[in-house]
Q: 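Attaching a single structure in structure tokens format; questions to follow.
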Amino acid sequence: MSSLTNFLFQNTYIKDWFSGDITTTLIVPFLIITTVTWYFYLFFIKSKAQKLPPGPPGLPFFGNLLSLDPELHTYFASLAQAHGPIFKLRLGSKLGIVLTSPTTAREVLKDHDTVFANRDVPAAGRAATYGGTDIVWSPYGPEWRMLRKVCVLKMLSNTTLDSVYELRRGEVRKVVGSIYNRVGSTVNIGEEVFLTVLNVITTMMWGAAVEGEERVSIGVEFRETVAGIVHLLGKPNLSDFFPGLARFDLQGVVKEMNKLAPRFDRIFEKMIGERVKKEGEGKENESKDFLQFLLNLKDEGDSKTPFTSTHVKALLMDMVVGGSDTSSNTIEFALAEMMNNPEVMKKVQEELEAVVGQDNLVEESHIHKLPYLHAVMKETLRLHPALPLLVPHCPSETTNVGGYTIPKGSRVFVNVWAIHRDPSIWENPLEFDPTRFLDGKWDYSGNDFNYFPFGSGRRICAGIAMAERTVLYFIATLVHLFEWTIPQGEKLEVSEKFGIVLKKKTPLLAIPTPRLSNPELYK
Ligand code: HEM
């Protein structure tokens, strides 16, 4: 037993997960005994009756947990080479299923869409989103449908997004001014872009209600908090793999999340409180932001599936967490790829000059006339899909996929990252070549299982329209107005670091120089 304990804590990955209190060592023997029975049931009784997919051998009790590499997307891709397009991993008492081919992805996300439209909610996700009452983690059912409808058809519809364009435009103008003031010096692109995307999102959420220093401090607090939440969501957590032990929160993930999520809650409460107070004072409220829209919706009520204050806050949380890192990391990767491929950058700039002109700012109305820029975004999301394993799906009943049994309650990872780099689908898959998207063959609809960076089926991303506008408008503005170079001594690279949201391994640092001669455009 003690050698297993030693092994457990000598393992780098496990040690990394257990960044908290080492009193956990005391719990390990208990953990082993309680689960060993489950293991025997699972391995020797249940699996005999089912034809489970192949997979690497694992240890008793832990299964494959101890050999998980933190870079899950590349690790899963290498396992698929050995075990095929559908393989299993024992993650403690949970069964993980990894899909790495268009055919198996289609079976799960299209043919059995309803069954797989559920989530295996991680303890961290539950803690972050008011018990999982948001869109991302709600089970497939009337409440999820109601939230999704509010989000996709009303809040993030093209009509609503058009109506808040001025808010987005204002934020992008502000960052242009700020970059202009630092011409010739090094800019941390990710930091700059994240704060602007976040400002765009919060301005759309509650207008310009917050200004000046308070705005800056909220921005900084949000950045830290989003980074913390995303990190905890991607961190392997024993509570998820041994649900019977979840109440002990051995790694302290929930404890940490319970420190982070209330930071948002306090801000949400404050914004809602101020808005309600204003209404109570009889002040005409003409705000056209998401918050007003959600509060009106709450007041209108619906007896069947009521829309509560918690729903309002959970949706705001989805906007902030789901919309910020995904879009800003995509913009950072796109700029890095363009800088790495100067001929691509040149073509984007030529297209912008032809459509926007040398004496004009990019407007969102230009975007649909920029097919090459659009191809750059698609190619960026092919090589660096923001959610490389999507958000894991979970079947609500035992189902057959690719000739194998996928038991109810498994955690299903779709390795879209690996499919997007499959040499049997893509010519020179590792090359950044936007021209492969110029014939318009691939879009974001999730109908083609060779290319689906936003997922597919019922759980497809709820923010595609917004992501598209934000990413395209932002990249276009950055490269139309500025030339970007790498500071001396810095290396330009595009390698990735795994997380539930994929990010650049090293931040992109670049020096801006104005491209256009009219200084008024930068003010
Ligand atoms: C480049 C940007 C983005 C990418 C690549 C992206 C991608 C994805 C993916 C792959 C999923 C999971 C699909 C699945 O589980 O099968 C997802 C879910 C989701 N995304 Fe996005 N996303 C982006 C931006 C946004 C934005 C801007 C928002 C909102 C402001 C948003 C809101 C959501 C929500 C609410 C879900 C959960 C949908 C559900 O479970 O029903 N995303 N996204």
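Ligands are counted one by one from 1 in listed order, and the atoms in each one are counted from 1 as well.
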Q: Hey, does Trp144 sit under 4.0 Å from ligand 1 if you only count heavy atoms?
A: yes
Q: Taking only heavy atoms of Ile135, which atoms of ligand 1 are found under 4.0 Å from at least one of them?
A: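 Result: 38 (C), 39 (C), 40 (O), 41 (O).
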Q: How far is atom 13 (C) of ligand 1 from its nearest protein heavy atom, and which residue and atom is that?
A: Arg459 O, 3.1 Å
Q: Got a salt bridge between Glu269 and Lys313, using NZ or NE/NH1/NH2 to carboxylate O under 4.0 Å?
A: yes
Q: Would you mind checking if Arg469 and Asp162 are paired as a salt bridge, meaning a charged N to carboxylate O distance below 4.0 Å?
A: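 Looking at Asp162 and Arg469, the cut-off is met.
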Q: Decide yes or no for Pro236 and Phe241: does some side-chain heavy atom of the first lie under 4.5 Å from some side-chain heavy atom of the second?
A: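 When only atoms from C-beta onward are counted, Phe241 and Pro236 do touch, with a gap below 4.5 Å.
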Q: Which residue holds the protein heavy atom closest to atom 26 (C) of ligand 1, what is that atom called, and what is the gap in Å?
A: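 The closest heavy atom on the protein side is Gly323 CA, 3.5 Å.
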Q: Should you measure from each heavy atom of Met319, which atoms of ligand 1 turn up under 4.0 Å away?
A: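 Answer for ligand 1: 30 (C).
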Q: Check each atom of ligand 1 against the heavy atoms of Ala467 and keep those under 4.0 Å away; list them by number with element.
A: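 So the answer, numbered in order with elements, is 2 (C), 24 (C).
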Q: Which residue supplies the protein heavy atom nearest to atom 4 (C) of ligand 1, what is that atom called, and how far is it?
A: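 Ranking protein heavy atoms by distance from atom 4 (C) of ligand 1, first comes Phe454 CE2, 3.3 Å.
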Q: Less than 4.0 Å between a side-chain N and a carboxylate O, is that true for Glu274 and Lys270?
A: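 Answer for the salt bridge query: yes.
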Q: Quick one: which ligand 1 atoms are inside 4.0 Å of a heavy atom on Val391?
A: 12 (C), 15 (O)
Q: In terms of residue, atom name and distance, what is the protein heavy atom nearest to atom 25 (C) of ligand 1?
A: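 In this structure, atom 25 (C) of ligand 1 has Gly322 O, 3.5 Å as its nearest protein heavy atom.
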Q: Could you tell me whether Lys503 atom NZ has more than 12 heavy atoms of other residues or ligands within 6.0 Å of it?
A: no
Q: Say whether Tyr473 and Arg168, considering side chains only, have a donor N or O and an acceptor N or O under 3.5 Å apart.
A: no
Q: Polar contacts were defined as any N/O atom of the residue lying under 3.5 Å from an N/O atom of the ligand; does this apply to Thr326 and ligand 1?
A: no
Q: Should you measure from each heavy atom of Ala386, which atoms of ligand 1 turn up under 4.0 Å away?
A: 5 (C)
Q: Quick one, Lys259 with Glu256, criterion salt bridge (Lys or Arg N to Asp or Glu O under 4.0 Å). Give me CA distance, side-chain angles, the key distance, then yes/no.
A: CA-CA 5 Å; Lys259 281 188 210 150; Glu256 252 180 86; over 6 Å; no
Q: Atom 35 (C) of ligand 1: which protein heavy atom is closest, and how many Å away?
A: Ala462 CB, 3.8 Å
Q: Less than 4.5 Å apart, side chain to side chain, heavy atoms only: is that true for Phe498 and Asp69?
A: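 Side-chain contact under 4.5 Å: no.
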Q: Verify the ring-centre separation between Phe116 and His393: is it less than 6.0 angstrom?
A: no
Q: Under 3.5 Å, N or O to N or O, is Thr330 touching ligand 1 that way?
A: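 There is no such contact.
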Q: I need the nearest protein heavy-atom contact for atom 28 (C) of ligand 1: residue, atom name and distance, please.
A: Gly463 CA, 3.6 Å
Q: Give the C-alpha distance, both sets of side-chain angles, the deciding distance and a yes or no for salt bridge (Lys or Arg N to Asp or Glu O under 4.0 Å) between Lys505 and Glu493.
A: CA-CA 9 Å; Lys505 200 170 203 162; Glu493 49 79 47; over 6 Å; no
Q: Given Pro453, Ser138, Pro385, Ser456, identify the one with the heavy atom nearest to atom 10 (C) of ligand 1.
A: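 Among Pro453, Ser138, Pro385, Ser456, the closest heavy atom to atom 10 (C) of ligand 1 belongs to Pro453.
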Q: Of all the heavy atoms in His393, does at least one lie under 4.0 Å from an atom in ligand 1?
A: yes
Q: Which atoms of ligand 1 sit under 4.0 Å from any heavy atom of Leu390?
A: 10 (C), 16 (O)
Q: Does the N or O separation between Arg148 and ligand 1 drop below 3.5 Å for any pair?
A: yes
Q: List ligand 1 atoms under 4.0 Å from Gly455, heavy atoms only on the residue side.
A: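 Going through ligand 1 atom by atom, the ones under 4.0 Å from Gly455 are 10 (C).
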Q: Among Leu381, Asp443, Val414, whose side-chain contact (heavy atoms from CB on, under 4.5 Å) with Phe452 holds?
A: Val414
Q: Only heavy atoms count here, so choose which of Arg119, Met204, Arg145 is nearest to atom 40 (O) of ligand 1.
A: Arg119
Q: Among Asn296, Leu316, Thr202, whose side-chain contact (heavy atoms from CB on, under 4.5 Å) with Leu291 holds?
A: Leu316
Q: What protein heavy atom sits nearest atom 37 (C) of ligand 1, and how far off is it?
A: Val136 CG2, 3.7 Å
Q: Using 30° and 60° as the class boundaries, would you call the ring planes of Phe87 and His83 parallel, tilted or perpendicular?
A: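 Aromatic pair Phe87/His83 classed tilted.
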Q: What protein heavy atom lies closest to atom 18 (C) of ligand 1? Include the residue and the distance to one decimal.
A: Cys461 CA, 3.6 Å
